Amino acid sequence: MTTTSQYFKLAVETPDEDIKRCLLTLAERDQADRMELARLAHSAARRGQIFGILAVTLCAALAGYVAFLGHPGWAAAVVLIEVAGVAGANVAGRLSRR
């Protein structure tokens with residue numbers, strides 16, 4: 001796969017102006033595509049963080065309600081499952097980045 005810098009290098013080395021223009025256009029498109037992919041990845045990560053915060057908040061509310069009903073053991077179980085899930089997701093995310 002040709003990168004933006006390779007397109008630019010070819011454009012600088014090519015004496016033909018039409019080919020230079022085409023190569024520079026390819027370099028610009030390649031860079032625009034990379035920027036769009038980075039923007040989409042950032043958007044997906046942000047959405048995941050929002051859903052994670054929402055899930056943790058809802059589980060904490062559920063545990064509080066269960067404790068309010070007089071079942072502290074079940075409330076602790078809900079919180080432990082929640083903490084294990086969040087920790088597991090963080091570990092899996094770190095391992096997938098390697």
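Here the structure is a predicted model, which means the values were calculated and not measured.
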Student: Which ILVMFWY residues are connected to Met35, directly or by a chain of links, through side-chain heavy atoms under 4.5 Å apart?
Tutor: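 Joined to Met35, directly or through intermediates: none.
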Student: In the hydrophobic cluster built from side-chain contacts under 4.5 Å, what are the other members alongside Val91?
Tutor: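 Val91 shares its hydrophobic cluster with Leu95.
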Student: Side-chain heavy atoms under 4.5 Å apart, restricted to Ile/Leu/Val/Met/Phe/Trp/Tyr: what other residues fall into the cluster of Val56, or is it alone?
Tutor: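 Taking Ile, Leu, Val, Met, Phe, Trp and Tyr as members, Val56 shares its hydrophobic cluster with Val86.
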Student: Identify each donor-acceptor pair in which a side-chain atom of residues 37-45 lies under 3.5 Å from a protein atom, sequence neighbours left out, and give them as a table.
Tutor:
from  : atom 1 : to    : atom 2 : distance (Å)
Arg39 : NE     : Glu36 : OE1    : 3.4
Arg39 : NH2    : Glu36 : OE2    : 2.6

Student: Can you see which heavy atom on Ala75 is nearest to which on Ala63, and at what distance?
Tutor: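 In terms of heavy atoms, the two residues are closest at CB-O, 3.3 Å.
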Student: Residues two or more places apart in sequence or in another chain: which of them pass side chain to side chain contact (heavy atoms under 4.5 Å, CB included) with Val83?
Tutor: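 Checked Val83 against side chain to side chain contact (heavy atoms under 4.5 Å, CB included); matches are Val79.
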Student: With sequence neighbours left out, what residues match Arg29 under salt bridge (charged side-chain N to carboxylate O under 4.0 Å, His left out)?
Tutor: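 Partners of Arg29 under the salt bridge (charged side-chain N to carboxylate O under 4.0 Å, His left out) test: none.
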Student: Which residues, ordered by chain and number, are linked to Trp74 in its hydrophobic cluster, where ILVMFWY side chains connect at heavy-atom gaps below 4.5 Å, directly or through other members?
Tutor: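 Its cluster mates, by chain and number, are Leu62, Val66, Val78.
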Student: Got a sec, which residues hit side chain to side chain contact (heavy atoms under 4.5 Å, CB included) with Leu69, two or more places apart in sequence or on another chain?
Tutor: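 Residues passing side chain to side chain contact (heavy atoms under 4.5 Å, CB included) with Leu69: Tyr65, His71.
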Student: So which atom in Ala60 and which in Glu82 form the shortest heavy-atom distance, rounded to 0.1 Å?
Tutor: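 What the structure gives for the nearest pair is N-OE1, 3.8 Å.
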